[in-house]
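Step one of this worksheet: look at the structure below.
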Amino acid sequence: MKVVIVGAGSVGSSIARELLAHKHEILLIDLKPEVIGRSGLRGAHWLVGDACELSTLQDAKLEDADVVVSATGDDKVNLVVSLLAKTEFGIGRTVGRVNNPKNDWMFNDSWGVDVAVNTPQLMTALVEEAVEIGDLVRLLTLQTGVSSIVEFTVPHDSHAIGLTVGDIDWPEDSTLVAILRDQAPITPSRDDVIDGGDELFFVTTIAAENQLRELLSPGSSEGHGPTEGDASNEGHGSGEGFSSGEGQASGEGQTTGASPQAGATAAVAPATADQLDDDGFDG
């Protein structure tokens, strides 16, 4: 797989190092030629230039890439590169690094971003996962904000303890994909019994997260299986089923936000391009 990484700071270099170890073809683009020597990367290809310039991306033969990763310390650059990669070169998958969480809302398909990696948000989720027992914690957003992976640690006084996965009427747009018990992952089946301390992992639409939260909250009695007199268990949701963002908030890599392509991007996304000015964009 050919991967183009824009921004060869500590984040971009770390991504490149991992991908090179997995035998992928890597091209790094950066404004500063000195990063080539200090990166310590062997086997990677390099291009010195401004990735916001269409000519630089043409020199990189971006149309041959399978994935483009925008990993600079400047959110403006990451958005412009993602948009150019998607609209001008038809790249199938783009990954954009979010440095300022306030800009997260712009990293979507309107700006050509397939996957947004928000490091502060991810670290917050990992902290909450460790302390928020009995509450739903979003770990990762998928499909440009449509779906997410969430985690719920079952408190020891939960009403769900003793119920099987098949006993609970899970929300329609949520799927239980894994149970972590005693640090061992379990592929859930309808007959698995939920125990206190279990970590339940779901793939769910963001709209259904509140339904999951209400269902699993300590005071809720919803979702129980059939009571005496019920004819069958039919209609219950199935528990069967079962996708990192590394980054730093420093401004390594490219720092230029203005480019000749700024006008071109406005034509593609008129509703959001204006947000890149000083009034609407958090730098």
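Only heavy atoms go into these numbers, but all of them, side chains included; no hydrogens, no water, no symmetry mates. Remember, predicted model here, so these are calculated numbers, not experimental data.
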Interatomic distance, OG@Ser189 vs CD1@Ile179, rounded to 0.5 Å, equals 8.0 Å
Pairs meeting criterion salt bridge (charged side-chain N to carboxylate O under 4.0 Å, His left out) with involvement of residues 170-189, two or more places apart: Arg181-Asp198
Does any non-hydrogen side-chain atom of Val137 lie less than 4.5 Å from one of Phe152? no
Run Arg93 and Val115 through side chain to side chain contact (heavy atoms under 4.5 Å, CB included) and show every step you take. CA-CA 8 Å; Arg93 188 172 183 83; Val115 179; 3.2 Å; yes
Within the 4.5 Å heavy-atom criterion, are Leu84 and Leu54 side-chain neighbours or not? yes
So how far is it from Phe202 CZ to Leu176 CG, rounded to the nearest 0.5 Å? 5.0 Å
Does a donor on one side chain sit under 3.5 Å from an acceptor on the other, for Asn100 and Asp75? no
Rounded to the nearest 0.5 Å, how far apart are NE2 of His24 and CG of Leu19? 5.5 Å
Any donor-acceptor N/O pair, Trp111 side chain to Asn78 backbone, under 3.5 Å: no
Can you find a pair of side-chain heavy atoms, one from Ile26 and one from His45, that are under 4.5 Å apart? no
Under 3.5 Å, is there a donor-acceptor pair between the side chain of Lys86 and the main chain of Gly92? yes
Where do Ile186 and Asp192 land on the side chain to side chain contact (heavy atoms under 4.5 Å, CB included) test, with the steps shown first? CA-CA 9 Å; Ile186 300 171; Asp192 283 314; 4.2 Å; yes
About how many Å separate CZ of Arg17 and OG of Ser10, when rounded to the nearest 0.5 Å? 10.0 Å
pair Trp170-Leu216: side-chain heavy atoms closer than 4.5 Å: yes
Taking C-beta and beyond as the side chain, do Leu62 and Val68 meet within less than 4.5 Å on heavy atoms? yes
Side chains of Glu209 and Ser148: is there a donor and an acceptor less than 3.5 Å apart? yes
Between Val48 and Asp30, is there a side-chain heavy-atom distance shorter than 4.5 Å? no
Under a 4.5 Å cut-off applied to non-hydrogen side-chain atoms, are Leu200 and Glu151 in contact? no
Side-chain donor or acceptor of Ser13 paired with backbone N/O of Ala8 under 3.5 Å: yes
Residue list, side chain to side chain contact (heavy atoms under 4.5 Å, CB included) with Thr56, at least two apart or on another chain: Ile29, Leu47, Glu53
According to a 4.5 Å side-chain heavy-atom criterion applied to Ile, Leu, Val, Met, Phe, Trp and Tyr, with indirect links allowed, do Val69 and Met1 form part of one hydrophobic cluster? yes
Within the side chain of Ser158, is there an N or O that forms a donor-acceptor pair under 3.5 Å with the backbone of Val154? no
Say whether, by atom type as modelled, one donor and one acceptor occur between the side chain of Thr72 and the main chain of Asp74 under 3.5 angstrom. yes
Pair Lys2-Asp64, side chain to side chain contact (heavy atoms under 4.5 Å, CB included): steps then yes or no: CA-CA 7 Å; Lys2 181 178 179 180; Asp64 296 332; 4.1 Å; yes
Side-chain touch Val98/Val117, heavy atoms, less than 4.5 angstrom: no
Nearest-0.5 Å distance, CG of residue Asp104 to CG of residue Asn118: 4.5 Å
